[in-house]
Number of protein chains: 2
Amino acid sequence: MAAQNQNKVSLPVIKRLPKYYRYISDMHNNGIVKVSSSELARMMGTTASQVRQDFNCFGGFGQQGIGYHVDVLLSEISKLLFSEKNLNAVLIGTGRLGRAISGYLSAEARGYHLMAAFDKSPDEIGRELQCGVMVQDVAELAAFCAAHHPDVAVLCIPRAGAKAVAPTLVEAGVKGYWNFSHYDLSVDYEGITVENVHLGDSLMSLGYRVRND
Amino acid sequence: MAAQNQNKVSLPVIKRLPKYYRYISDMHNNGIVKVSSSELARMMGTTASQVRQDFNCFGGFGQQGIGYHVDVLLSEISKLLFSEKNLNAVLIGTGRLGRAISGYLSAEARGYHLMAAFDKSPDEIGRELQCGVMVQDVAELAAFCAAHHPDVAVLCIPRAGAKAVAPTLVEAGVKGYWNFSHYDLSVDYEGITVENVHLGDSLMSLGYRVRND
DNA sequence: TAGATTGTTAATCGATTAACAATC
DNA sequence: TAGATTGTTAATCGATTAACAATC
């Protein structure tokens, strides 16, 4: 829960971006070229007012009397969500959840680069994940971070484990944690972004937030 | 996004309950018997005001001048979160993510009973999950729902698949969807609760919400 | 009693919705 | 031009925070 309200765009707006993105890219794929705020609102389950307010946070890219061009919306929102640079991520914990998420991070999620994966179990260490990344011993995490400076750590381990690796990560200068299984590191480390995410939306939107801090 | 604001307790409050629960059960396990709103606020990363407001939604269970008894808090919040009756859940999709979640649902999450799991892949059908549940053909989903009336469906399949099974589930009377991988069934089915969840908190809090609709 | 801390009402803050002039 | 729809300001709504009397 670090400070991140310097910029004018509020968190609720940011959290809606991925949903906009999905509808708009669907439309784009279906060859739809134009959409009005009220059509988008119906799809999103909100009001036309909110749609216009949201888009205007970033500088109105619609046309009065006409609506919004799907391709303009798509490119503007893509820019916001995916930015220029991938986030370098390390995965910690390669159990069932970790493996599922490694697949998501490397194949489906945009804006991420999975640098490495770590586990403490001898059964896991040395194994190759489906995405091609080799599982390393978590004991080497500090050295790895010192050498390669990941941006975010994706935690797929129980709470006790998360509490144990957190100091290492913080000392190594990792600034973001995406926590898929637990919750409450939030208060222990000031100035660090700890978020509980689910697949799909949050990953993208949080990526955006972090880059805009 | 069904209507669920009949009751006085707001969604933000409900979403905080699992986090309260975790801190309070930690304290309980450590033998701490008493806590003040300001101590809890510090742990939660919020204000003492908010803590008191939150607890008072459910009828003040503190003592003026003293604070809150940890065991009273724990039992009150447990009652709210876990209620009397488990939610009967079916899992749809037993890929990596689905398997991870089946383990969570059957072992860690309170308030759920995993009745059955479905997949469309012949490789999956007939396999037994680690939790002992047998994977069935998704073609049998409608019949299963008609016979056993699950409360919620946990979707761990791609969006196209989710869109395909949704009508079956809706027609079978399933009222809640916990969607771990995608997002936007929300608008298509009025009166149905579709939520995107992450492990841990949301499952519990959503359980609460559904039971209180 | 004095100090502490709740329960609860009032004030503030922020987000959503409504309204409407600008303009395509 | 008339109709449609945005951009933007104002009004509403809800959640958080502050204040303080009640009371242990």
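All values derive from a computational prediction rather than experimental measurement. A, B, ... follow the sequence lines: proteins, then strands. Residue 1 opens every chain.
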Open item on the list: Using only modelled atom types and a 3.5 angstrom limit, is any donor from either the side chain of A:Gln53 or the base of D:dT9 paired with an acceptor on the other?
Closed with: yes

- [ ] Would you state whether a donor and an acceptor, one from the side chain of B:Gln64 and one from the base of C:dT6, lie under 3.5 Å apart?
- [x] yes

TODO: Could you tell me the separation between the CD atom of B:Gln50 and the P atom of C:dT5, rounded to a whole number of Å?
DONE: 19 Å

- [ ] Specify the separation, in whole Å, of atom CG of B:Asn56 and atom P of C:dT8.
- [x] 5 Å

Task: Spacing of A:Tyr68 atom OH relative to D:dT6 atom P, expressed in whole Å - done: 5 Å

TODO: May I have the distance from A:Arg52 (atom CZ) to C:dA22 (atom P), rounded to whole angstrom?
DONE: 16 Å

TODO: State whether a side-chain donor-acceptor pair under 3.5 Å links A:Ser49 with A:Thr47.
DONE: no

Open item on the list: Below 30° counts as parallel, above 60° as perpendicular, anything between as tilted: where do the rings of B:Phe61 and B:Phe55 land?
Closed with: tilted

- [ ] Give a yes or no on whether the backbone of A:Val13 and the side-chain of A:Asp54 come within a donor-acceptor separation of less than 3.5 Å.
- [x] no

Open item on the list: Between C1' on C:dC24 and NE2 on A:His69, what's the gap in Å once rounded to a whole number?
Closed with: 11 Å

Task: Euclidean distance, atom CG of residue A:Asp54 to atom P of C:dT17 [Å, nearest integer] - done: 10 Å

Open item on the list: Can a donor-acceptor pair be found, under 3.5 Å and without considering hydrogens, that links the side chain of A:Asp119 to the backbone of A:Thr94?
Closed with: yes

Task: For atom NZ of B:Lys15 and atom P of D:dG14, their distance in whole Å - done: 16 Å

TODO: Would you kindly compare A:Thr47 and A:Gly65 by the position of their nearest DNA chain C nucleotide and give the one closer to the 5′ end?
DONE: A:Thr47

Task: d(CZ, A:Phe55; C1', D:dG7) in whole Å - done: 13 Å

- [ ] Kindly say whether, by distance alone, the side chain of A:Ser10 makes a donor-acceptor pair under 3.5 Å with the base of C:dA15?
- [x] no

